[in-house]
Amino acid sequence: MQVNFSRNPYLSNHFLCKGMSHKLYLIAGEASGDLHGSNLARELKALSPELQMRGWGGDRMQEAGVEIVKHYRDLAFMGFTEVLMNLRTILKNLALCKKEILNYKPDAVILIDYPGFNLRIAEFLHENGIPVIYYISPQIWAWKRSRVEKIKRFVDRMFVILPFEKDFYKRFNYEVSFPGHPLLDAINNFDKHQTHKNSSLPENCIALIPGSRKQEISKMLPVMLETVQEFKEYPVVIAKAASVEESFYREIIGNDSILLSSEGTYPILRKARAALVTSGTATLETALFKVPEIVCYKGSAVSYQLARRLIKVKFISLVNLILDKQAVPELIQAEFSVSNTREKLSEILHNNQVRTQMLSDFEELENKLGGTGASARAAIEMIDFVKELKTRY
């Protein structure tokens with residue numbers, strides 16, 4: 001795909017200038033995007049110290065050197081009904097983002113996952129002749145496969161992080177890059193700094209990871225809390241999302257003495273014997289920390305019924321999708337009951353055969369994800385792409 005420079009006068013004043021330092025605009029709309037965006041930003045800066053970065057994201061991206069214009073906590077709307085209810089805010093955010101990018105005049109824009117928002121931005125960028133790099137492909141293999149044609153038209157370079165995505169795009173005659181999964185870098189960096197060794201979190205705990213948005217936490221956490229009441233021999237730790245205030249959790253927890261930790265998911269997983277995890281990136285993180293887990297999901301009735309009709313995959317967890325088998329149990333909607341969850345939790349805590357098989361599957365999973373260095377490999381390709389654009393035009 002060729003970037004169209006001819007129709008945009010702004011490009012002749014910006015991209016064709018020699019000697020300018022690189023300027024990139026990054027857009028992440030969720031906690032996982034902020035994490036991967038931060039690791040990518042560090043690698044980009046290491047390759048190109050003069051690089052200027054601005055964009056939408058969170059605290060981690062800011063710490064990595066990105067000037068944050070809008071925090072992802074103001075962007076995260078979950079499910080069909082929630083999106084409809086917040087449509088006016090979403091449209092205002094889109095307008096603000098477009099104006100911001102035109103004013104900033106970046107060499108390229110890096111879109112990080114968050115497809116509902118970022119694919120609309122990609123179309124706008126294409127129309128204005130601004131190069132589009134997409135890091136972490138939307139999960140179009142699960143639903144909305146029609147988005148492939150949009151991506152082929154509007155995205156100049158696509159980077160995928162799941163091994164089967166390369167073959168998926170190949171079926172549509174679209175070449176993508178698979179640098180590996182950046183979670184391996186995030187976990188490696190965490191272990192390298194060994195900050196967990198100074199943690200006061202209890203050993204051999206049950207980790208509760210109810211999600212990063214209020215809508216999902218309010219549905220997931222009560223069932224998780226009732227489930228663990230039968231396992232009093234294990235300390236329980238709830239992973240608090242950085243973007244959600246403590247008082248919100250306290251209303252759900254009540255007078256219970258269960259520990260609510262703000263240290264982050266990784267320190268908890270390093271101490272955990274088992275975990276109850278809301279479907280999402282955290283299911284993959286838990287597996288890579290080699291913690292036996294149960295994947296849980298419960299959404300609004302309307303969102304769930306719509307998703308059931310649209311989603312075309314056998315599993316909801318990335319662990320099972322990558323391994324192409326049910327390596328971890330999935331409890332979805334009505335199946336996510338206290339009795340079902342207790343039964344499965346008892347198995348992964350006490351049944352050595354179940355635990356051994358799950359841990360063996362997690363080793364296979366890690367091997368499929370391409371090893372550490374994914375963020376650096378992606379950054380090298382992105383910098384080369386931007387340099388090539390400046391040289392060519």
(Q) Using the rule given for side-chain hydrogen bond (donor to acceptor under 3.5 Å, both in side chains), can you reason through Glu43 versus Asn39, listing the C-alpha separation, both sets of side-chain angles and the distance that settles it, and then say yes or no? (A) CA-CA 6 Å; Glu43 298 294 346; Asn39 288 327; over 6 Å; no

Test your reading of the model: is there a side-chain donor-acceptor pair from [X] to the backbone of [Y], 3.5 Å cut-off?
| X | Y | value |
| --- | --- | --- |
| Asp113 | Gly33 | no |
| Asn204 | Arg273 | no |
| Lys214 | Val244 | no |
| Asp34 | Gly57 | no |
| Thr356 | Asn352 | yes |
| Thr227 | Val223 | yes |

With the 4.5 Å side-chain cut-off for hydrophobic clustering, are [X] and [Y] part of the same group?
| X | Y | answer |
| --- | --- | --- |
| Leu276 | Leu259 | no |
| Met61 | Tyr104 | yes |
| Phe231 | Val237 | no |

Look up atom [atom1] in [X] and atom [atom2] in [Y], then write down how far apart they are to the nearest 0.5 Å.
| X | Y | atom1 | atom2 | result |
| --- | --- | --- | --- | --- |
| Leu221 | Leu260 | CG | CG | 8.5 Å |
| Leu208 | Ile268 | CG | CD1 | 9.0 Å |
| Thr281 | Glu30 | OG1 | CD | 7.5 Å |

**Q.** Side-chain heavy atoms of Glu364 within contact of Lys325, under 4.5 Å
**A.** yes

Q.
Contact between Leu288 and Leu269 at the side-chain level, heavy atoms closer than 4.5 Å - yes or no?
A. no

Q) Thinking salt bridges, do Glu127 and Arg153 make one under a 4.0 Å N-O criterion? A)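 Looking at Arg153 together with Glu127, the answer is no, because their closest N to O distance does not fall below 4.0 Å.
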
Q | Short N-O contact, Glu175 and Lys166, less than 4.0 angstrom | A | yes

Q. In terms of side-chain heavy atoms, does Ser375 have a donor or acceptor partner in Asp185 at a distance below 3.5 Å?
A. yes

Q: Begin from the C-alpha positions of Tyr297 and Phe336 and carry the test ring-ring contact (aromatic ring centres under 6.0 Å, His included) through to its verdict.
A: CA-CA 7 Å; Tyr297 176 78; Phe336 179 50; 9.1 Å; no

Q: Would you mind telling me which of Gln52, Arg54, Gln62 makes a side-chain hydrogen bond (donor to acceptor under 3.5 Å, both in side chains) with Glu67?
A: Arg54

**Q.** Centroid-centroid under 6.0 Å between Trp56 and Phe117 rings
**A.** yes

Q.
Angle between ring planes, Phe154 versus His126, binned at 30° and 60°: parallel, tilted or perpendicular?
A. tilted

**Q.** Parallel, tilted or perpendicular: rings of Trp141 and Phe164 (30°, 60°)
**A.** perpendicular

